[in-house]
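These numbers come from the heavy atoms of this one structure, side chains and all, not from hydrogens, waters or symmetry mates. Numbers restart at 1 for each chain; the letters A, B, ... are given by sequence-line order, proteins then strands.
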Protein chains: 2
Amino acid sequence: MSEKSIPKPTDAELEILQVLWEHGPSPVRFVNDELSGRREVGYTTTLKLMQIMHDKGLVTRNTDARSHIYEAALSREETQRTLLDTFVDNVFSGSAASLVMQALGNRKASKDELDQIKALIERIEGKKD
Amino acid sequence: MSEKSIPKPTDAELEILQVLWEHGPSPVRFVNDELSGRREVGYTTTLKLMQIMHDKGLVTRNTDARSHIYEAALSREETQRTLLDTFVDNVFSGSAASLVMQALGNRKASKDELDQIKALIERIEGKKD
DNA sequence: TTGCATTTACGAACATCTTCGTATAAACTT
DNA sequence: AAGTTTATACGAAGATGTTCGTAAATGCAA
């Protein structure tokens, strides 16, 4: 009954989550170094963001050591699922199929990937028959 | 050389665009009535939003009559493509295929839709062979 | 132990988004 | 023509997101 629902991460927060998902639990210093590789960002900026994420419940942290270790609270897949859901609603009026069509049309996928998708479709159709 | 690139619409702006795409060029009054059907929203709020969208270039407008007629500047498909692109980058690290897998897994699509998608995949694969 | 480097904490500035109150102008009513 | 309705324009408040400066705490080194 007292479940706090975790809010959707913002764009800047998502960038941090990607680092945590890819490298596992990490201190602020490491995350900031990763981000700095791609763009200009101050250390305290990253720190503040991660503290806010902790407040929101997007990450957990271990404060035993002096430099705290942060970890994503939700898995990548779980987060992607949630974000995808609201994205489909907002942009594609709830039609997942038309999103898929657009996605396949826009970007090139490898033959392997396409075959994988085809297989998935057949598996889904198979269940319904 | 002096092309102003049109910015990404925000969520509230997207709601308005959906109305314009669905019903064609419309005055503020009509758009606001549509939105009001779903949720509470003041007339001047919608007006202001549409004025801002006009400043940004997201919509064009005809001011001949007293009540201005607004029209989406970009097609639904064009806008969806742009938003999808940055969404794939931000949330799925650029992998359209994994987005498609998630989308198909999450939401139920009709057999017709699935067949359409399968056909599209085969068309894409065909081109490459 | 004194000073230096590293870390967290706090607060504030700045931007953007969303909402709406109020003023002004234009058209319709009677 | 005066009053009512309906529209646009403007400005500003409140919410959220992003950035960073500065202070305080902690550990390390000389």
In whole angstroms, how far is the [atom2] atom of [N] from the [atom1] atom of [X]?
X: A:Tyr43; N: C:dT8; atom1: OH; atom2: C1'; answer: 7 Å
X: A:His54; N: C:dC10; atom1: NE2; atom2: C1'; answer: 17 Å
X: A:Asp64; N: C:dT8; atom1: CG; atom2: P; answer: 13 Å
X: A:Leu47; N: C:dG11; atom1: CG; atom2: C1'; answer: 13 Å
X: B:Leu49; N: C:dC17; atom1: CG; atom2: P; answer: 10 Å
X: A:Leu58; N: D:dT18; atom1: CG; atom2: P; answer: 12 Å
X: A:Ile16; N: D:dG17; atom1: CD1; atom2: C1'; answer: 12 Å
X: B:Ile52; N: D:dT8; atom1: CD1; atom2: C1'; answer: 14 Å

Indicate, with a heavy-atom threshold strictly under 4.0 Å, whether [X] touches base, sugar-phosphate, or nothing.
X: A:Glu13; value: nothing
X: A:Thr44; value: base
X: A:Thr45; value: base

Heavy atoms from C-beta onward define the side chain here; which of [options] lies closest to that of [X]?
X: B:His68; options: D:dA7, D:dA9, C:dT8; result: D:dA9
X: A:Lys48; options: C:dC20, C:dC10, C:dT8; result: C:dC10
X: A:Asp11; options: C:dT19, D:dT18, D:dA9; result: D:dT18

Donor-acceptor check, side chain of [X] to backbone of [Y], threshold 3.5 angstrom: yes or no?
X: A:Thr79; Y: A:Ser75; result: yes
X: A:Gln18; Y: A:Glu15; result: no
X: A:Glu113; Y: A:Ser110; result: yes

Has [X] got a side-chain N or O lying under 4.0 Å from the OP1 or OP2 atom of [N]?
X: A:Gln51; N: C:dA9; answer: yes
X: A:Thr10; N: D:dT18; answer: yes
X: A:Arg29; N: C:dT7; answer: yes
X: B:Lys8; N: C:dC17; answer: no

For this session: Classify the side chain of B:Arg66 and the base of D:dT6 as holding, or not holding, a donor-acceptor pair under 3.5 Å.
Result: yes
Problem set entry | Parallel, tilted or perpendicular, as decided by the 30° and 60° cut-offs, for the rings of B:His54 and B:Tyr70 | perpendicular
Problem set entry | salt bridge (Lys or Arg N to Asp or Glu O under 4.0 Å) partner of B:Glu13, the single match among B:Lys48, B:Lys8, B:Lys56 | B:Lys56
